[in-house]
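Structure first, then comments.
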Amino acid sequence: MIKPYAGFISGKVADKFDWTERLFSLRIRGMFSPYIAGQFVKLALYDEQGELIRRAYSIVNHPNDFEQTNELEFLIIADATGQLSPRLQQLQIGDDILISDTAAGFMTLDEIPHAASELWLLSTGTAIGPYLAMLDQPEISQRFEKIILVNATRTQAEQSYPEKIQEFKAKFGARFTYVPVISRESVRGALSGRIPLLLESGSLFQAAGCQPDSSSCFFYLCGNPAMVKESSESLNKLGFTKHLRRKPGQFSSENYW
Ligand SMILES: Cc1cc2nc3c(=O)[nH]c(=O)nc-3n(C[C@H](O)[C@H](O)[C@H](O)COP(=O)(O)OP(=O)(O)OC[C@H]3O[C@@H](n4cnc5c(N)ncnc54)[C@H](O)[C@@H]3O)c2cc1C
Ligand SMILES: NC(=O)c1ccc[n+]([C@@H]2O[C@H](COP(=O)([O-])OP(=O)(O)OC[C@H]3O[C@@H](n4cnc5c(N)ncnc54)[C@H](OP(=O)(O)O)[C@@H]3O)[C@@H](O)[C@H]2O)c1
């Protein structure tokens, strides 16, 4: 049994899948609180000094899957120099962990202006995770005429959840486009480079087969804060503005650190 901590609920590792030596998915079972697709919780473990180390992780599975399984799924990259992620990587099925008792975050479908009919989901690395949960939201089909999912990774091996992406292709048909971006290998069928320059050069729009129009498009940016900052600048240059509740615009973001 893991020592309880105020604001946290205990869970058990139910499954673990390694995508690469550093990238893995964890499923954790427990009596957690309801959440909205796109939100995150804090995962926490005690260190050798008995101090609780806690960090935010986005939930990959849709609330409907959670209702059936009592499991939350996470996509995590272990940073060897980090305090928590290497410990999470060492967890085995049956091990205990603490999870914050409420989910948080505003990168959800409810926050997108109603006029938007073309949704661009741009991510680096593990930040594809919250989009996978959002793409399982039942009403997404009715809401958007076009959905473009972009995941930028260093290598092909870090392009996670290919089966889930195939599922979305089958479910949404021509309305869904997946654009992989791979920066440190040359891979046929993937764009190379980084998202901000691919936005400015038009290559991303060409790969997706559509040119966004400010009256109907909406972009979410998630992951590496430098990508979020530079992509926001690129979108500004292209005539799009940051979305605020008091002043609607075309993009919004979530930084991972
Ligand atoms: C809202 C939110 C959601 C998040 N969701 C996820 C998630 O789903 N999966 C996930 O792996 N991480 C996620 N993170 C990052 C996570 O919270 C931790 O910061 C990360 O696991 C590193 O923790 P650490 O204690 O091992 O390293 P630390 O000692 O805290 O930091 C090590 C360094 O690693 C870098 N870094 C941190 N996170 C990442 C990352 N995800 N990818 C690339 N570099 C990173 C930063 O440069 C950081 O300074 C999220 C963060 C936020 C704020
Ligand atoms: N993935 C690995 O093999 C590896 C190895 C050692 C350490 N790490 C550590 O593990 C953590 C996670 O790594 P990660 O590979 O998932 O995340 P990452 O470093 O954010 O890289 C993911 C993708 O984002 C791109 N990117 C980086 N900076 C960008 C910017 N300013 N604008 C636009 N795109 C940008 C990267 O391109 P570029 O390739 O051009 O940077 C890459 O395609 C990091 O803390 C990293 O230091 C990872």
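Each ligand, and each atom within it, is numbered from 1 in the order the structure gives.
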At a non-hydrogen distance cut-off of under 4.0 Å, which region of [X] contacts ligand 2 (side chain, backbone, both, or neither)?
X    : value
A80  : neither
M227 : both
R154 : both
L23  : neither

Check your understanding: Can you find an N/O atom of W257 closer than 3.5 Å to an N/O atom of ligand 2?
Key ->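 No: no nitrogen or oxygen of W257 is under 3.5 Å from one in ligand 2.
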
Practice item. Kindly confirm or rule out an N or O of E158 lying under 3.5 angstrom from an N or O of ligand 2. Key: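 So ligand 2 has an N or O lying under 3.5 Å from an N or O of E158.
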
Does a salt bridge link [X] with [Y], judged by any charged N lying under 4.0 Å from a carboxylate O?
X    : Y    : answer
E118 : R175 : no
K164 : D136 : yes
D95  : K16  : no

Identity and separation of the nearest protein heavy atom to [atom]:
atom                    : answer
atom 9 (C) of ligand 2  : R22 NH2, 3.2 Å
atom 18 (P) of ligand 2 : N224 ND2, 3.9 Å
atom 29 (C) of ligand 2 : R194 CZ, 3.4 Å
atom 43 (O) of ligand 2 : S183 OG, 2.8 Å
atom 12 (C) of ligand 2 : I77 CG2, 3.6 Å
atom 44 (C) of ligand 2 : D79 OD2, 4.1 Å

Establish, yes or no, whether the cationic atom of [X] lies under 6.0 Å from the six-membered ring centre of [Y] and within 45° of the ring axis.
X    : Y    : answer
K3   : Y46  : yes
K171 : F176 : no
R245 : F106 : yes

Exercise for review: Look at atom 24 (O) of ligand 2 and find which of V228, T126, T124 reaches it with the closest heavy atom.
Suggested key: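 Looking at heavy atoms only, the winner is T124.
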
Review point. Which option, A152, A226, P225, owns the non-hydrogen atom nearest atom 22 (C) of ligand 2?
Key: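 That would be A152.
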
**Study point:** Amino acids contacting ligand 1, non-hydrogen cut-off under 4.0 Å
**Key:**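 Those residues closer than 4.0 Å to ligand 1 by some heavy atom are F40, R55, A56, Y57, S58, L75, I76, I77, D79, G82, Q83, L84, S85, P86, T126, E254, N255, Y256, W257.
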
Within a distance under 4.0 Å of any heavy atom of [X], pick out the atoms of ligand 2 and give their elements.
X    : value
T153 : 42 (C), 43 (O)
E230 : 30 (C), 31 (N), 32 (N)
P196 : 32 (N), 33 (C)
R184 : 38 (P), 39 (O), 41 (O)

Practice item. Using ring pair (Phe, Tyr, Trp, His ring centres under 6.0 Å) as the criterion, point out the one residue from F17, W19, F168 that pairs with Y161. Key: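 Single pass found, and it is W19.
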
Exercise for review: Would you confirm whether the ring centroid of F251 sits within less than 6.0 angstrom of the ring centroid of H243?
Suggested key: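 No, they do not, as the ring centres are separated by 6.0 Å or more.
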
Point to revise | Donor + acceptor pair across side chains of Y256, S58 (<3.5 Å) | key: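 Yes, S58 and Y256 have a side-chain donor paired with an acceptor closer than 3.5 Å.
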
Check your understanding: Do D96 and S10 have a side chain donor and acceptor closer than 3.5 Å?
Key ->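 The criterion, which ignores hydrogens and geometry beyond distance, is not satisfied for S10 and D96.
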
Review point. What closest approach, in Å, do A208 and I148 show between heavy atoms, and which atom pair accounts for it?
Key: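 The pair with the smallest heavy-atom distance is CB-CG2, 3.8 Å.
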
**Study point:** E111 side chain vs T108 backbone, donor-acceptor pair below 3.5 Å
**Key:**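 No: the side chain of E111 does not pair with the backbone of T108.
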
Review point. Would you find a donor on one side and an acceptor on the other, under 3.5 Å apart, between the side chain of E71 and the backbone of G30?
Key: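 No; zero donor-acceptor contacts below 3.5 Å.
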
Exercise for review: Before giving the answer on salt bridge (Lys or Arg N to Asp or Glu O under 4.0 Å), spell out for R184 and E158 the whole-Å C-alpha distance, their side-chain angles and the decisive distance to 0.1 Å.
Suggested key: CA-CA 11 Å; R184 302 197 186 183; E158 287 165 344; over 6 Å; no

Exercise for review: Can you run down the side chain to side chain donor-acceptor pair (under 3.5 Å) pairs that involve residues 193-206, sequence neighbours left out, and say none if there aren't any?
Suggested key: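 The answer is E200-S234, E200-K237, S201-S203.
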
